[in-house]
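Chain letters run A, B, ... following the sequence lines, proteins first, then strands; residues in each count from 1. Computed from heavy atoms alone, side chains included, the values below leave out hydrogens, waters and symmetry copies.
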There are 2 protein chains.
Amino acid sequence: MRPASDKIPQPTLSRLTLYLRCLRRLAREGVNTISSAKMEAHCGIVPAQIRKDLSYFGEFGKPGAGYDVQHLLARLTEIMQLDREQRIAIIGAGNLGAALAGYAGFAQSPFRIVGIFDNNFNKIGRMLWNHEILDLQRLSEINQHMRANIGIIAVPAEAAQEVADQLLKSGVSAILNFAPTLIEVPPDVAVRNVDLTRELEVLCYHLDRLTSSPQDASPNDDQ
Amino acid sequence: MRPASDKIPQPTLSRLTLYLRCLRRLAREGVNTISSAKMEAHCGIVPAQIRKDLSYFGEFGKPGAGYDVQHLLARLTEIMQLDREQRIAIIGAGNLGAALAGYAGFAQSPFRIVGIFDNNFNKIGRMLWNHEILDLQRLSEINQHMRANIGIIAVPAEAAQEVADQLLKSGVSAILNFAPTLIEVPPDVAVRNVDLTRELEVLCYHLDRLTSSPQDASPNDDQ
DNA sequence: CTCTATCAGTGAACTATTTCACGAGCTGCC
DNA sequence: GGCAGCTCGTGAAATAGTTCACTGATAGAG
């Protein structure tokens, strides 16, 4: 299956990023070739699943040998569009927005934070990690030359939908939403939610209920 | 099905927290009763799914009327164990740890941050949001009286596994992991991962590929 | 009190995802 | 070159999760 876009299961996409992470490490360690079986030890995904996931995008492996680390890394990077710069605008310069803006993990990644916005006049104009905090009112205008294509929403729940609308109007086509609320967008926009409270609440449910009977990979994985 | 623990699908648990959020708002707004159909407008989950989810835990609704908001809220809160204080230890006083520690959303929630730990001697002893940053080395010892049962890992990937092990040794039985790496725990421990980079990478995949054909709730939902 | 509209709960059907299991292709050693 | 041992790709089977569609109950109007 070559189309590389049509009917890829969501969980597969999520695991792809996991494989990428493994492959980057293997490449750094000078490993040339890896089989799906050995890969399991690195990323915790069973071999059959790894092979099936990869097979959605092409035939990358060689029977008897496994996958060429460099090659697979390059192909997956391309498929995930991580071979080009991805420009991010962060909306909300509170605790979370500030922490995200300062995240060191972006250093050797295609992700580049190009702007931080807030609507609080006490914050606008102040510096945050080498970025001037910009006026949210001017998002559309500024993004004409800033050209962020991914927006991160790090504002209170009440403001999230409005911020999402503004992001879309500004030309952003993917949103990572940290606000604990549902945001509605047209079907051609990708949204992922990260919801601290939801995760904690699910953990609470399991407290004192997990008694070694469930499968190995406890209440987790994908998403 | 009364057992309330046995074979609940993961996605159901995740949605339960969503229903809770709706119910809290409805209760605040003085709504007495809500049907699964009206609930859809509030949380974006289809009625059949809502009914099925709730039915795993008991029969909460009245035919012809719907669900009693107060009653359902109380029951779900109890089921999720959110009716009692939940004590959280945050490991890692970096950007992220600090942001989490200062999260205002915990104010009217059962979650209470009882300790923040780090292994950096420049940070230990300093104050962060009314908490003294404590020595990670002393986690087990301190947690004997601190009694955190949930641990949040906000350290670099390299340190995550070791921190997880220490948390478990200290009596924590649920972990929220923000480090971009797999952590291994015994099957009686609940883990949830929040992985910023993974989410961003999945978003990248969808960039310029979503062309209004896919279903409504774009690449998202559950996890 | 009766009739109608509404709505929960639920087995059955359906869809999505994971796992199995096997054929065929490399590799590298004799 | 031939054989043994891996390992991939993949249809088919199994499992997990969602949606349908129907039953029976309740509410509320008249």
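Two residues are said to be in side-chain contact when any heavy atoms from C-beta on lie closer than 4.5 Å; B:Val46 and B:Ile50 fail this criterion.
Between the P atom of D:dT15 and the CD1 atom of B:Ile8 lies a distance of 20 Å, rounded to the nearest Å. Between the C1' atom of C:dA8 and the CD1 atom of B:Ile34 lies a distance of 14 Å, rounded to the nearest Å. Distance A:Asp53 CG to D:dG9 P: 12 Å, rounded to the nearest Å. In this entry the distance linking CD of A:Gln49 with P of D:dC8 reads 14 Å, nearest Å. The distance from atom CZ of B:Phe60 to atom P of C:dT10 is 11 Å, rounded to the nearest whole Å. Between the CD atom of A:Gln10 and the C1' atom of D:dG17 there is a distance of 15 Å, given to the nearest Å. Following rounding to the nearest Å, B:Ile45 (CD1) and D:dG17 (P) show an atom-to-atom distance of 15 Å. Distance, B:Leu54 CG to D:dG17 P: 17 Å, rounded to whole Å.
Under 4.0 Å is where a charged nitrogen must lie from a carboxylate oxygen, and between A:Glu85 and A:Arg87 at least one such pair does.
Note that CZ of A:Phe106 is 5.0 Å distant from CG of B:Leu200, once rounded to the nearest 0.5 Å. From B:Arg21, atom CZ reaches atom CG of B:Leu16 across 12.5 Å, with rounding to the nearest 0.5 Å.
Distance alone, capped at 3.5 Å, is enough to place a donor-acceptor pair between the A:Asn177 side chain and the A:Thr181 backbone.
In this structure, A:Ala48 and A:Pro9 both approach DNA chain C, and ranking their closest nucleotides by distance from the 5' end singles out A:Pro9.
Checked by atom type, the side-chain pair A:Tyr103/B:Asn95 shows no donor-acceptor distance below 3.5 Å.
Closest to the A:Pro11 side chain, of the nucleotides C:dT17, D:dC20, C:dG9, is C:dT17. Distance from the side chain of A:Arg51 is smallest to C:dA21 among C:dA21, C:dG9, C:dT19. In the set C:dA8, D:dT7, C:dT19, C:dA8 carries the atom at the smallest distance from any side-chain atom of B:Ser35. Considering only side-chain atoms of B:Lys52, the nucleotide from C:dT10, C:dT18, C:dC20 that sits closest is C:dT10.
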Extract from the structure each pairing of a protein N or O with an N or O of nucleotides 24-30 of chain D at less than 3.5 Å, listing the distance.
residue : atom : partner : partner atom : Å
D:dT26  : O4'  : B:Pro63 : O            : 3.1

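Figure legend: cation-pi geometry between B:Arg209 and B:Tyr205, with NZ or CZ positioned under 6.0 Å from the six-membered ring centre and within 45° of its axis.
Within the 4.0 Å cut-off from OP1 or OP2 of C:dC26, not a single side-chain nitrogen or oxygen of A:Tyr67 is found. Of the side-chain N and O atoms in A:Ser36, one or more sit less than 4.0 angstrom from OP1 or OP2 of D:dC8.
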